[in-house]
Amino acid sequence: MNTSTPDARQTASEPLMTGSQALLESFLIEGVDTIFGYPGGAIIPVYDALYDYRDRLRHILVRHEQGAVHAAQGYARVSGRVGVCMVTSGPGATNTVTGLADALMDSTPLVLVTGQVGSSLLGTDAFQETNFVGITQAVTKWNCQVKCVEEIPAAIAKAFYVARSGRPGPVVVDITKDAQCGMAPFHYEKLVSIRSYVPVPEPDPARIEEAARLIDEARRPLVMVGQGVILGNAETELQEFLDRSGMPVASTLLGLSAVPTDSPQYVGMLGMHGNYGPNIKNRDCDLLVAVGMRFDDRVTGNPAHFGENAKVIHLEIDPAEIGKIIQADVPVAGDVRQTLPLLTQRIRKRNHSAWTAEFHDCDRIEQERVIRPALHPAGPKIHMGEAVDTVARAYANDAVVVTDVGQQQMFAARYFGFRRTRSLVTSGGLGTMGFGLPAAIGAKLGAPERDVVLFVGDGGLQMTIQELGTIFQSRVPVKIVLLNNSFLGMVRQWQELFYDSRYSFTELANPDFGLIARANGLGYRRVERREELAAAVGEMKAAAGAYLLEVCVESQENVFPMVPAGAPVAEIRLE
């Protein structure tokens with residue numbers, strides 16, 4: 001164990017403490033109240049110190065390290081704070097890599113602290129040693145290894161600053177065991193800047209003026225909103241811009257809830273399984289205003305044909321995203337909370353109601369050919385869309401919706417409806433099956449005053465089903481709607497549509513989910529008949545604790561509309 005003695009400069013304001021204590025004190029200064037983690041040999045000193053901080057730091061013991069990261073993501077996404085998780089070295093650390101990659105793709109602010117073998121053992125292939133800094137360079141915004149106790153406060157200060165500033169993302173701090181045990185005076189300074197790191201570009205006035213000119217001249221514009229609006233807390237600024245510009249507005253998957261879905265200017269979700277209007281009208285637009293989005297391939301389809309008749313204004317905090325997929329005629333780098341008001345001040349008040357009505361005409365087509373059949377199916381079996389709609393009506397479209405990945409994700413995004421911001425937590429860029437259950441735990445702890453409903457498929461649930469034990473031990477009252485079709489539904493859909501219905505290894509033989517739910521202390525009900533669905537949803541909603549509602553749904557159901565992979569979005573299929 002390394003030890004350090006206080007020098008002559010130490011004062012009463014710089015108490016002597018271990019590296020583990022310094023880490024936890026640093027968390028408190030950064031406003032941390034919840035840590036998701038799993039102990040192990042190389043992080044034991046921190047967990048030993050945590051024993052004395054139980055009244056100030058809530059620790060949630062997950063059942064797998066991947067669950068710790070996803071739970072921290074859910075916590076961060078609904079609370080707007082940095083999610084924090086902590087695991088041991090070797091396999092404990094490597095089990096978090098999927099979560100880190102997910103957080104990087106979806107710009108989730110996260111600090112992961114990993115234990116590491118003692119510094120004298122580094123590079124010796126010691127028990128449970130991995131080069132975790134090297135492993136995670138590609139899936140973090142920043143990472144570092146701390147081998148000296150005195151460096152812990154500064155490393156944590158930088159970690160939180162980098163994680164939350166500019167375009168948020170995950171950060172890893174790998175701390176050797178001797179640094180956790182060493183002694184040093186504790187001094188902490190919150191970081192407010194780093195030389196050569198410019199997290200928020202300064203807006204170019206000339207670009208703002210040019211963007212305002214294009215907006216004033218546009219006859220068929222469309223605003224496309226991404227998660228950047230939510231991450232930047234710019235919902236009010238966006239609404240003021242929409243009120244003045246009069247433009248219709250569509251949303252990416254992760255941008256859902258930035259604008260209430262019942263807003264008269266809202267015209268639906270963009271992309272592969274988005275709404276008919278914003279996809280089919282893409283070719284008619286003469287101006288696209290992208291706000292806090294990165295033109296993901298699931299939004300653009302074939303980028304050569306995306307907005308091919310439109311000028312493009314791109315408001316984005318990360319300059320690397322501007323021009324990466326779709327070339328912007330007017331790039332506006334900066335924080336959208338700052339750039340949106342600059343535009344609002346300069347544009348004329350407009351009314352695009354006639355143009356917006358064309359989108360609503362598309363809505364009527366979609367209602368007739370897609371939505372009504374999905375919500376009122378003819379067959380005897382329950383469909384996913386009607387299950388989501390029943391839950392949405394029970395909660396008056398006012399809950400935090402967490403989803404796993406697959407068909408249930410798309411049905412939840414399309415049919416729930418959102419009244420206020422930070423109401424959807426889902427894995428967007430990475431598409432991580434198994435994300436939903438641990439993310440729902442974190443979401444409920446991050447927003448305890450809100451109802452949290454998880455929509456999950458039978459495939460995704462079984463990827464992290466062990467986290468039901470976390471719910472049992474930590475008494476987290478999440479409500480889980482399991483849409484069970486006994487298939488890997490989205491893969492099965494692609495096999496049906498594009499691979500001649502060759503269902504190669506997508507059918508699932510499932511366990512008795514009721515036994516598993518009850519073994520973990522959850523309320524449970526299984527529904528197979530449509531006439532029982534509403535009452536079962538009401539029972540779930542009324543339950544005081546966690547609840548698993550298993551809804552057995554049609555196995556051959558598909559999600560429509562759908563843009564075939566690689567096709568222009570205007571070629572969206574309704575069936």
Side-chain angles (χ1 to χ4, degrees), residues 102 104-107 167 211 214 218 220-231 238 247-256 258-259 266-333 336 358-359 362 366 405 409-410 413-414 424 426-431 490 493-494 497-498 559-574:
D102 193 285
L104 185 69
M105 290 281 277
D106 288 350
S107 304
R167 180 180 180 176
L214 288 181
R220 300 181 304 279
L222 177 64
V223 180
M224 304 182 299
V225 174
Q227 189 188 200
V229 171
I230 298 171
L231 294 172
L238 172 65
M247 294 181 183
V249 57
S251 171
T252 67
L253 173 65
L254 294 186
L256 287 171
V259 178
Y266 182 73
V267 295
M269 184 173 72
L270 298 156
M272 179 172 282
H273 292 291
N275 292 104
Y276 186 57
N279 282 293
I280 200 73
K281 303 298 290 183
N282 176 270
R283 61 191 173 194
D284 298 332
C285 293
D286 62 3
L287 179 67
L288 298 174
V289 182
V291 185
M293 60 168 288
R294 60 184 182 87
F295 289 105
D296 175 80
D297 61 285
R298 288 299 173 100
V299 166
T300 65
N302 186 336
H305 297 281
F306 187 82
E308 55 190 324
N309 297 310
K311 297 286 188 181
V312 176
I313 300 170
H314 194 177
L315 282 67
E316 172 59 44
I317 200 168
D318 184 357
E321 294 294 348
I322 298 178
K324 188 172 80 174
I325 307 296
I326 300 295
Q327 290 299 314
D329 296 278
V330 183
V332 182
V336 295
E358 294 186 29
F359 288 86
C362 294
E366 185 175 350
V405 169
Q409 177 187 33
M410 294 298 104
R414 286 179 49 80
L424 177 66
T426 193
S427 174
L430 197 63
M490 190 62 84
Q493 175 169 337
W494 279 58
L497 298 178
F498 307 116
V559 187
F560 284 105
M562 180 180 184
V563 179
V569 294
E571 294 181 10
I572 188 168
R573 294 171 52 173
L574 293 177

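Please read these numbers as outputs of a predicted model, since none were measured by experiment.
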K.L.:
Heavy atoms, side chains only, cut-off 4.5 Å: are Leu222 and Val267 in contact?
P.N.:
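Yes, their side chains come closer than 4.5 Å.
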K.L.:
Taking the side chain as every heavy atom from C-beta outward, state whether Arg298 and Leu253 have any atom pair closer than 4.5 Å.
P.N.:
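With C-beta onward as the side chain, the pair stays apart.
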K.L.:
Any side-chain to backbone donor/acceptor pair from Asn279 onto Gly271? Under 3.5 Å, distance only.
P.N.:
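Flag set: sc Asn279 to bb Gly271 pair under 3.5 Å.
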K.L.:
Hey, could you give me the CG/CG distance between Asn309 and Leu287, rounded to the nearest 0.5 Å?
P.N.:
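Interatomic distance, Asn309 CG to Leu287 CG, rounded to 0.5 Å: 12.5 Å.
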K.L.:
Quick check for you: to the nearest 0.5 Å, what is the distance between Ile280 atom CD1 and Leu574 atom CG?
P.N.:
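If I round to the nearest 0.5 Å, the distance is 8.0 Å.
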K.L.:
Can you name the closest pair of heavy atoms from Gly228 and Val336 and give their distance?
P.N.:
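Taking Gly228 first and Val336 second, the nearest heavy atoms are O-CG2, 3.9 Å.
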K.L.:
Do side-chain atoms of His314 reach the backbone of Met293 as a donor and acceptor pair under 3.5 angstrom?
P.N.:
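It does hold such a pair.
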K.L.:
Before accepting this row, confirm whether a basic side-chain N of the pair Glu366/Arg414 lies closer than 4.0 Å to the acidic partner's carboxylate O.
P.N.:
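So Glu366 pairs with Arg414 through a salt bridge.
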K.L.:
Counting C-beta onward and ignoring hydrogens, is there a side-chain heavy-atom pair between Phe306 and Leu288 closer than 4.5 Å?
P.N.:
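In short, these two side chains touch, coming nearer than 4.5 Å.
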K.L.:
As an exercise, state the distance from CE of Met562 to CH2 of Trp494, rounded to the nearest 0.5 Å.
P.N.:
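Between Met562 CE and Trp494 CH2, I get 5.0 Å after rounding to 0.5 Å.
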K.L.:
Any idea which heavy atoms bring Ala310 and Cys285 closest together, and the distance?
P.N.:
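What the structure gives for the nearest pair is CB-O, 3.2 Å.
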K.L.:
Could I get the full list of side chain to side chain donor-acceptor pair (under 3.5 Å) partners for Arg167, not counting sequence neighbours?
P.N.:
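Once residues adjacent in sequence are excluded, the partners of Arg167 under the side chain to side chain donor-acceptor pair (under 3.5 Å) criterion are Ser107, Asp318, Glu321.
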K.L.:
If you measure from CG on Leu315 to CE on Met224, what distance do you get to the nearest 0.5 Å?
P.N.:
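One finds 11.0 Å between CG of Leu315 and CE of Met224.
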K.L.:
Any chance NZ of Lys311 has more than 12 other-residue heavy atoms, nucleotides or ligands included, within less than 6.0 Å?
P.N.:
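Counting other residues, nucleotides and ligands, NZ of Lys311 stays at 12 neighbours or fewer.
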K.L.:
Do you know the tightest heavy-atom contact between Ile322 and Ala328?
P.N.:
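The pair with the smallest heavy-atom distance is CG2-CB, 4.3 Å.
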K.L.:
Which heavy atom of Arg573 sits nearest a heavy atom of Pro564, and at what distance?
P.N.:
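Heavy atoms of Arg573 and Pro564 come nearest at CD-CG, 3.7 Å.
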K.L.:
Any donor-acceptor pair under 3.5 Å linking the side chain of Gln227 with the backbone of Asp106?
P.N.:
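Here the side-chain-to-backbone pair exists.
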K.L.:
Taking only residues two or more places apart in sequence, or in another chain, which ones meet Asn302 in a side chain to side chain donor-acceptor pair (under 3.5 Å)?
P.N.:
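Listed in chain order: nothing, the list is empty.
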K.L.:
For Pro561, is there any backbone N or O sitting under 3.5 Å from a side-chain donor or acceptor partner on His273?
P.N.:
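Flag set: sc His273 to bb Pro561 pair under 3.5 Å.
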K.L.:
Return the minimal non-hydrogen interatomic distance between Asn275 and Ile572, and the atom names on each side.
P.N.:
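Closest approach of Asn275 to Ile572: O-CD1, 4.1 Å.
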K.L.:
Rounded to the nearest 0.5 Å, what separates atom CE in Met410 from atom OG1 in Thr426?
P.N.:
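Rounded to the nearest 0.5 Å, the CE-OG1 separation comes to 6.5 Å.
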K.L.:
With the side chain counted from C-beta on, respond yes when Thr252 and Asp296 share a heavy-atom pair under 4.5 Å apart, and no when they do not.
P.N.:
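Of all side-chain heavy-atom pairs linking Asp296 with Thr252, none is under 4.5 Å.
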K.L.:
Of all heavy-atom pairs between Pro278 and Gly268, which one has the smallest distance, and what is that distance?
P.N.:
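Scanning both residues, the minimum pair turns out to be CG-C, 4.1 Å.
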K.L.:
Which distance, rounded to the nearest 0.5 Å, do you find between the CD1 of Ile313 and the CG of Leu214?
P.N.:
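Taking CD1 in Ile313 and CG in Leu214, the distance rounds to 5.0 Å.
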K.L.:
Determine whether a donor-acceptor pair (N or O, by modelled atom type, separation under 3.5 Å) exists between the side chain of Asn282 and the backbone of Gly307.
P.N.:
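Between the backbone of Gly307 and the side chain of Asn282 there is a qualifying donor-acceptor contact (under 3.5 Å).
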